[in-house]
Amino acid sequence: MKLSSKNLDTRRDTVYDAIVVGGGMGGLSAAIYLARYGLKCLVIEKGRGRSFWMQDLRNYVGLDPDTPGRTILQHATNQAIEWGADFLRGFVEEVIDEGDTFTVKVKVGKGDTTGVTFRSQYVIAATGIIDLLPELENMQNVFDYAGYTLHVCMICDGFDMWDQKAVLLAKTEGQINAAFVLNWFTPYISVLTNGLQVSDEMKQKLADHGYPLYEQPIAEFLGENHKMSGVKLADGTIVEATTGLVNMGSIYHNQYLKGIAGLEYDGENLVTNNMCQTSHPRIFALGDLKQGLNQVSVAVADGTLAATQIWRNIRRASAPRKWEDNIAQASQTGAAES
């Protein structure tokens, strides 16, 4: 069922088998499997996550390469609801471990918000990350190209940058090192630091590869119809480029878990086993929140794994279902024969 502030009261006393925090590719995959296992599941999605901004999905089996992320999300949301999952637009503020269950505190609404709590046996963290973009005075100028010809994932989109003039946007020297991986796809790389001053050692390394370095702030991206033609810098310099890779870091949406004792992290990534189970036995992490490749295909598989392990745990702790009519009939037959 699709929940809103109007019908939340119908679920206030429900103890869900699992609450999925995040309605992206991984979270919706988990919800579909949980619902098909006959488990009570709630998906809480804040909206406009990383996969929402994908303008096309060129490397997923069976889908038209021009399929946008938001279309897949809408289909998957409808599918999860049709199988029996609950779905709520809201922002998860905190998850509290109460022992046998979790309390999940949620803020619903934009202006006049409503606070509500839900309870569940398991929590699946699927809130992912959001990529940092260059901060310009006119951010719409950035959004006009981000996800089209200005990319954030080399593994996803390196092929689409093949032998093009590319800009690499970075704000630390560690991030600049992506240039020496990007050159597998194109050697025509210019490095833009948007104001960062680079060490002589890095300058020499870039020069040895023939990659121009521009340390001036970025003024605007140039082009039309989402297709880049270059980047204009604050001093008026124009760097020609038909594509680009933003490698400026990411924000991890995991704050709601910070109060849970015993969770093991590697940096900001949650450490999990091969079934996406964290160091807390009733918390699972999917996709970009865990260690591994940041790919849609990985997140979808993670959702399958986590949901299946939760079902196994609950099934093994439950009494088996019996065909009571046959048992009763056999008992009556036995009694008559005796």
Side-chain angles (χ1 to χ4, degrees), residues 1-35 39-54 69-130 250-260 263 270 280 282-289 299 303 306-307 310:
M1 181 168 72
K2 195 167 186 178
L3 301 181
S4 69
S5 56
K6 296 179 180 179
N7 62 0
L8 286 175
D9 286 342
T10 63
R11 293 294 191 265
R12 287 186 185 272
D13 296 328
T14 299
V15 178
Y16 287 96
D17 294 304
I19 289 179
V20 182
V21 186
M25 304 296 187
L28 290 171
S29 170
I32 288 168
Y33 273 85
L34 288 166
L39 299 176
K40 294 191 295 293
C41 164
L42 168 64
V43 179
I44 304 172
E45 163 62 8
K46 65 177 179 53
R48 296 180 177 270
R50 196 185 198 202
S51 51
F52 175 86
W53 295 104
M54 291 189 309
R70 60 186 177 275
T71 297
I72 303 170
L73 293 175
Q74 187 58 60
H75 281 302
T77 299
N78 292 342
Q79 189 177 356
I81 293 171
E82 287 169 4
W83 289 123
D86 287 342
F87 183 91
L88 174 66
R89 290 278 182 187
F91 178 79
V92 174
E93 297 181 298
E94 186 179 10
V95 173
I96 302 169
D97 187 356
E98 303 284 5
D100 293 334
T101 60
F102 294 104
T103 294
V104 179
K105 299 175 67 175
V106 185
K107 184 170 64 176
V108 180
K110 294 181 179 179
D112 187 13
T113 60
T114 300
V116 61
T117 60
F118 296 98
R119 294 170 60 217
S120 68
Q121 293 188 62
Y122 289 86
V123 166
I124 297 178
T127 37
I129 63 176
I130 196 71
S250 306
I251 297 172
Y252 285 74
H253 295 305
N254 58 12
Q255 299 84 355
Y256 56 93
L257 293 174
K258 294 298 186 178
I260 301 292
L263 280 178
L270 283 157
H280 190 298
R282 290 184 292 108
I283 296 179
F284 290 72
L286 313 181
D288 300 344
L289 282 189
I310 289 170

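These numbers come from a predicted model, not from an experiment.
- The side-chain heavy atoms of Phe118 and Leu8, taken from C-beta on, include a pair separated by under 4.5 Å.
- Judged by distance alone, the side chains of Glu82 and Asn78 never bring a donor and an acceptor atom under 3.5 Å apart.
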Output, in order, the C-alpha distance, side-chain angles, deciding distance and verdict of side chain to side chain contact (heavy atoms under 4.5 Å, CB included) for Asp288 and His253.
CA-CA 10 Å; Asp288 300 344; His253 295 305; over 6 Å; no
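- Here the straight-line distance linking atom SG of Cys41 with atom CZ of Phe87 works out to 11.0 Å at 0.5 Å rounding.
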Give every donor-acceptor pair under 3.5 Å between a side-chain atom in residues 12-28 and any protein atom, sequence neighbours left out.
residue	atom	partner	partner atom	Å
Arg12	NE	Asp9	OD1	2.5
Tyr16	OH	Asp86	OD2	2.6
Asp17	OD1	Gln121	NE2	3.3
Asp17	OD2	Lys40	N	2.7

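- Partners of Lys6 under the salt bridge (charged side-chain N to carboxylate O under 4.0 Å, His left out) rule, at least two apart in sequence or in another chain, do not exist in this structure.
- Scanning all heavy atoms of the two residues, the minimum distance from Ala31 to Val43 falls at CB-CG2, 3.4 Å.
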task = Could you give me the CA-CA distance, side-chain angles and deciding distance for Arg89 and Lys46, then say whether side chain to side chain contact (heavy atoms under 4.5 Å, CB included) is met?
result = CA-CA 6 Å; Arg89 290 278 182 187; Lys46 65 177 179 53; over 6 Å; no
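- Contact detail for Ala30 and Ala307: the closest heavy-atom pair is O-CB, 3.6 Å.
- Distance check: Leu88 CG to Leu3 CG gives 5.5 Å after rounding to the nearest 0.5 Å.
- Residues passing the salt bridge (charged side-chain N to carboxylate O under 4.0 Å, His left out) test with Lys105 are Glu94, sequence neighbours excluded.
- Residue pairs meeting the ring-ring contact (aromatic ring centres under 6.0 Å, His included) criterion with at least one member in residues 91-110, sequence neighbours excluded: Phe102-His280.
- Residue Lys258 qualifies as enclosed at atom NZ: its count of foreign heavy atoms under 6.0 Å is above 12.
- Between Trp83 and Ile32, the shortest heavy-atom contact is CD1-CG2, 3.9 Å.
- Taking each heavy atom of Ala126 and Leu289 in turn, the nearest pair found is N-CD1, 4.2 Å.
- At a threshold of 4.5 Å between non-hydrogen side-chain atoms, the residues Leu34 and Ile124 count as touching.
- Every side chain to side chain contact (heavy atoms under 4.5 Å, CB included) that Glu98 has, sequence neighbours left out, goes to Ile96, Thr101, Thr103.
- A 4.5 Å side-chain heavy-atom check between Asn7 and Met1 finds at least one atom pair inside the cut-off.
- Dense packing is recorded around OH of Tyr256, with more than 12 heavy atoms of other residues, nucleotides or ligands lying under 6.0 Å away.
- Taken from CG in Leu257 to CG in Asn254, the straight-line distance is 6.5 Å, to the nearest 0.5 Å.
- Shortest non-hydrogen contact noted between Ala35 and Ala80 is CB-O, 4.4 Å.
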Discussion item. Before you tell me yes or no, could you show the steps for Ser51 and Leu73 under side chain to side chain contact (heavy atoms under 4.5 Å, CB included), namely the whole-Å CA-CA distance, both residues' side-chain angles and the distance that decides it to 0.1 Å?
Written reply: CA-CA 8 Å; Ser51 51; Leu73 293 175; 3.7 Å; yes
- Going through the distances and angles, do Thr117 and Val104 end up as a side chain to side chain contact (heavy atoms under 4.5 Å, CB included)? CA-CA 5 Å; Thr117 60; Val104 179; over 6 Å; no
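- The two atoms that bring Leu286 and Ala306 nearest to each other are CD2-CB, 3.7 Å, heavy atoms only.
- A distance of 8.0 Å separates CZ of Arg282 from OG of Ser120, quoted to the nearest 0.5 Å.
- In this structure, the side chain to side chain contact (heavy atoms under 4.5 Å, CB included) partners of Thr113, at least two apart in sequence or on a different chain, are Lys107.
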